[in-house]
Amino acid sequence: MLPSDKLNFKTIEWTGDHLKVLDQTRLPEEEVYLDCYGVEEVASAIKDLKVRGAPAIGIAAAFGVVVGMFNQNLQNLKEYEKRLDHVILTLANTRPTAVNLFWALKRMRMVVEKNKGEKLSRLNQLLLQEAILIHEEDKRMCKRIGEFGANLLKDGDTILTHCNAGALATGGIGTALGILYTAFWQGKKIAVFADETRPVLQGARLTVWELQQQGIDVTLISDNTAASVMKDKKIDCVIVGADRIAGNGDVANKIGTYNLAVLAHFHKIPFYVAAPSSSFDFTLSHGKEIKIEQRSPEEVTHWFGKRVAPEGTKVYSPAFDVTPAELVTAYITEDGVKDVVNSKIKA
Ligand code: MRU
């Protein structure tokens, strides 16, 4: 049994003929599942943050390719490849920052590249197998990250986290939160401070919801409380996830992560980044090359549909920031805990 089986919700599920995702925009009020039968539905679900978090985006996109290629009545390989190009492009155009999306799409394309001699129905089966494999691999990577990371935590530790790098963000138990679950299941008494994570509150809505379900002691703070919490409370470490880690170790993650890294450095608190190998992008040598998604101004000018800033307010709203490698104490991956990024992580 994988630890993700202990959770009482499923972020992503292949039902046998379509993809089912937990609609995260409706949490924590309602647990509503979204049935996706076509690529457009999957692409919208990713774009609208119904399914979000780097590894979960990659897995959903892999199944998006499957539903995009099924039931198409394609006559030959040329038609099949043309459709595949369209499906992959539709999914690739959703969110630019999490490399897991492009990593998963590349794997799906390779399946067709390597099996061009097969019947089209067989190609569809192979695509489905690959998507299921990507999902299963992610569960196992989360488990290992959880185990390696939990070794860093002691009984009585207090951890600060940002955004949601939990089961809702992956196919398994999560990366940063996977570590917290694992430590908790090992019997360690831990306490967590969760940043609310403006503008769309993944910390308040999702991280708190997840941790509460397991009975983990979690305290919600507004983002601007982090410095005080580090000064006044005993924060033993910060653990966050990643959307893309460049070859030099710079980390793109939810906007506000960089703030935390600077604060942790000042307060001499270890700052850990938990991420599977699918989040590393060795094609980029520096974090400044990472494309950062810009979000709609309404997410900042409005508060759940109600305007809170004057009409015509200029807004700057990057979804992610880049934390320089020098502020990262260590990377917790499925291969272990490393203080530098190098090609070994990729292996
Ligand atoms: O915009 P989101 O909610 O997709 O951003 C998610 C994050 O920044 C997570 O920390 C990251 O994807 C890691 S998830 C294991």
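In each ligand, atom 1 is the first atom listed, and ligand 1 is the first ligand listed.
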(message) Is the contact between Asn164 and ligand 1 made by the side chain, the backbone, both, or neither, using heavy atoms and a 4.0 Å cut-off?
(response) backbone
If you count the atoms of ligand 1 from 1 in the order shown, which ones are under 4.0 Å from a heavy atom of [X]?
X: Ala54; result: 12 (O), 14 (S)
X: Pro55; result: 14 (S), 15 (C)
X: Ala165; result: 14 (S), 15 (C)
X: Lys254; result: 1 (O), 2 (P), 5 (O), 8 (O)
X: Thr175; result: 15 (C)
X: Ala169; result: 14 (S), 15 (C)
X: Cys163; result: 5 (O), 6 (C), 7 (C), 8 (O)

(message) Applying side chain to side chain contact (heavy atoms under 4.5 Å, CB included), can you list everything that pairs with Ala176, at least two apart in sequence or on another chain?
(response)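 Side chain to side chain contact (heavy atoms under 4.5 Å, CB included) list for Ala176, sorted by chain: Thr161, Ala165, Ile239.
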(request) Give the residue, atom name and distance (to 0.1 Å) of the protein heavy atom nearest atom 11 (C) of ligand 1. (result)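 Minimum-distance protein heavy atom for atom 11 (C) of ligand 1 reads Asp243 OD1, 3.1 Å.
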(message) Starting from atom 4 (O) of ligand 1, what is the nearest protein heavy atom, named by residue and atom, and what distance separates them?
(response)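 Ranking protein heavy atoms by distance from atom 4 (O) of ligand 1, first comes Arg95 NH1, 2.8 Å.
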(message) Are any of the N/O atoms on Thr170, whether in the backbone or the side chain, positioned under 3.5 angstrom from an N/O atom of ligand 1?
(response)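 Between Thr170 and ligand 1, no N or O pair is found under 3.5 Å apart.
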(message) So for ligand 1, is Gln202 a polar contact partner (N or O within less than 3.5 Å, distance only)?
(response) yes
(message) Check for me whether Lys338 meets the cation-pi criterion with Tyr331, that is, NZ or CZ under 6.0 Å from the six-membered ring centre and within 45 degrees of the ring axis.
(response)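 Not satisfied by the 6.0 Å and 45° rule.
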(request) Establish, yes or no, whether the cationic atom of Lys6 lies under 6.0 Å from the six-membered ring centre of Tyr181 and within 45° of the ring axis. (result)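 Verdict for Tyr181: no cation-pi partner in Lys6.
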(message) Please determine whether side chain to side chain donor-acceptor pair (under 3.5 Å) holds for the pair Ser277 and Glu334, giving the CA-CA distance in whole Å, both sets of side-chain angles, and the decisive distance to 0.1 Å.
(response) CA-CA 7 Å; Ser277 50; Glu334 74 270 22; 2.5 Å; yes
(request) Would you tell me which option among Ile255, Val251, Asn253 has the nearest heavy-atom contact to atom 9 (C) of ligand 1? (result)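 Nearest option to atom 9 (C) of ligand 1, by heavy atoms: Asn253.
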(request) Answer yes when Glu147 and Lys143 have at least one side-chain N-carboxylate O distance shorter than 4.0 Å, and no when they do not. (result) yes
(message) Under a 4.0 Å threshold between the charged nitrogen and the carboxylate oxygen, would Lys154 count as salt-bridged to Asp157?
(response)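 Salt bridge: yes.
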(request) Mind telling me whether Trp14 and Phe63 have parallel, tilted or perpendicular rings, with 30° and 60° as the class edges? (result) parallel
(request) May I ask you to check whether Asn248 and Ser285 show a side-chain donor-acceptor distance below 3.5 Å? (result) no
